[in-house]
Amino acid sequence: VMVIHRAIYGSLERFIGCLIEHYAGSFPLWLAPVQVMVMPITDKEDRYAQQVLKKCQKQGLRAELNNKSEKINYRIREVEVQKIPYMLILGQREVVDKAVSVRKHGYGNQGQMSLKDFFNLVAREQGGDN
């Protein structure tokens, strides 16, 4: 009697466990479930935040909107704890300049840049050529 044993799911679970442990939950951009969190400072920037969110998703990024009523510093800390690779902070200045203020997990504030420059930055990080 011969028995053939396949443990595809067990192997996959161990592999995913190893990945999570290796990265300590701080996944690289290409692997992160949520790659970009768009955050307007106040509800006055919500309309622009929706536009930015749609443009990010159109670029193929896994992006979400965090427009909760909490203070921006609390929301920034919350996203840092979640280890989301990029935050796009949107205030009045960003709306006027049609830009985004970028924060990278583990590196902090990257400054203000156009959305096109942000997409180029992300493409370089992913090794693509968008």
Side-chain angles (χ1 to χ4, degrees):
V1 175
M2 184 183 291
V3 176
I4 299 175
H5 176 67
R6 285 183 48 171
I8 293 174
Y9 291 116
S11 298
L12 184 62
E13 288 170 356
R14 281 192 299 278
F15 175 71
I16 297 298
C18 289
L19 271 178
I20 292 170
E21 186 176 343
H22 175 74
Y23 288 113
S26 185
F27 296 118
L29 185 64
W30 64 271
L31 186 59
V34 177
Q35 297 169 312
V36 178
M37 185 66 73
V38 179
M39 300 197 312
I41 293 176
T42 67
D43 60 354
K44 295 174 187 170
E45 294 89 20
D46 272 353
R47 174 186 261 161
Y48 182 59
Q50 289 286 348
Q51 293 171 1
V52 169
L53 177 67
K54 286 178 184 165
K55 288 178 182 177
C56 286
Q57 291 171 337
K58 191 174 180 182
Q59 286 289 317
L61 294 171
R62 293 181 296 276
E64 291 183 359
L65 177 66
N66 181 336
N67 57 354
K68 296 178 186 171
S69 60
E70 285 102 357
K71 294 191 181 298
I72 192 68
N73 288 338
Y74 175 81
R75 290 187 285 149
I76 289 172
R77 184 185 181 296
E78 185 179 51
V79 173
E80 279 291 331
V81 168
Q82 293 174 357
K83 300 180 180 181
I84 294 172
Y86 282 102
M87 282 180 256
L88 301 180
I89 312 296
L90 310 173
Q92 277 304 116
R93 189 178 62 198
E94 285 77 18
V95 172
V96 169
D97 295 345
K98 294 291 182 206
V100 293
S101 184
V102 179
R103 290 185 63 91
K104 183 172 181 176
H105 176 69
Y107 294 92
N109 189 6
Q110 303 294 298
Q112 187 181 30
M113 62 183 72
S114 71
L115 208 47
K116 183 179 179 184
D117 289 342
F118 172 69
F119 293 146
N120 289 335
L121 172 77
V122 169
R124 281 193 307 272
E125 185 171 332
Q126 289 184 342
D129 50 12
N130 286 358

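Since the model is a prediction, treat every value here as computed from it, not as a measurement. Starting from 1, each residue takes its place in the sequence as its number.
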Counting only pairs under 3.5 Å, give me each side-chain donor-acceptor contact of residues 38-46, with atom names and distances, residues two or more places apart or in other chains.
residue, atom, partner, partner atom, Å
T42, OG1, K44, N, 3.3
T42, OG1, E45, OE1, 2.7
T42, OG1, E45, OE2, 3.4
E45, OE1, T42, N, 2.7
E45, OE2, Q92, N, 3.3

Donor-acceptor pairs are to be reported for all side-chain atoms of residues 15-37 against protein atoms at under 3.5 Å, with residues two or more places apart or in another chain.
residue, atom, partner, partner atom, Å
S26, OG, H105, NE2, 3.4
Q35, OE1, R62, N, 2.8
Q35, NE2, L29, O, 2.9

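Side-chain heavy-atom separations under 4.5 angstrom define the hydrophobic clusters, and V81 shares its cluster with no other residue.
By the 4.5 Å heavy-atom criterion applied to side chains, L88 and C56 are counted as neighbours. Within the 4.5 Å cutoff, side-chain heavy atoms of E125 are placed close to those of Y86. Put simply, the side chain of F118 does not reach to within 4.5 Å of the side chain of Q110, judged on heavy atoms. At least one side-chain heavy atom of R47 sits under 4.5 Å from a side-chain heavy atom of Q51. You'll find the side chain of E94 stays beyond 4.5 Å of the side chain of V52, heavy atoms only.
Residues satisfying the side-chain hydrogen bond (donor to acceptor under 3.5 Å, both in side chains) test with Q112, not counting sequence neighbours, are D97. Take K116 and apply the side-chain hydrogen bond (donor to acceptor under 3.5 Å, both in side chains) test, not counting sequence neighbours, and it matches no residue.
Note on V100 and L65: same hydrophobic cluster, where clusters join Ile, Leu, Val, Met, Phe, Trp and Tyr whose side-chain heavy atoms are under 4.5 Å apart, directly or indirectly. Cluster annotation: V102 and L61 are assigned to the same hydrophobic cluster (Ile/Leu/Val/Met/Phe/Trp/Tyr, side-chain heavy-atom contacts under 4.5 Å, transitive). The same ILVMFWY cluster, assembled from side-chain heavy atoms under 4.5 Å apart, contains both L90 and L121. M113 is not connected to M87 by any chain of hydrophobic side-chain contacts under 4.5 Å among Ile, Leu, Val, Met, Phe, Trp and Tyr, and they are in different clusters.
K68 contributes atom NZ, which lies 4.0 Å from atom CD of E78 (distance to the nearest 0.5 angstrom).
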Test side-chain contact (heavy atoms from CB on, under 4.5 Å) applied to N120 and D117, step by step: CA-CA 5 Å; N120 289 335; D117 289 342; 4.3 Å; yes
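Side-chain atoms of Y48 come within 3.5 Å of backbone N or O of A99 as a donor-acceptor pair.
Listed by first and then second residue, the salt bridge (charged side-chain N to carboxylate O under 4.0 Å, His left out) pairs that reach into residues 79-93 come to none, sequence neighbours excluded.
Between R103 and I89 the shortest heavy-atom distance is CD-CG1, 4.2 Å. Counting all heavy atoms, side chain and backbone alike, N67 lies closest to R75 at CA-NH1, 3.7 Å.
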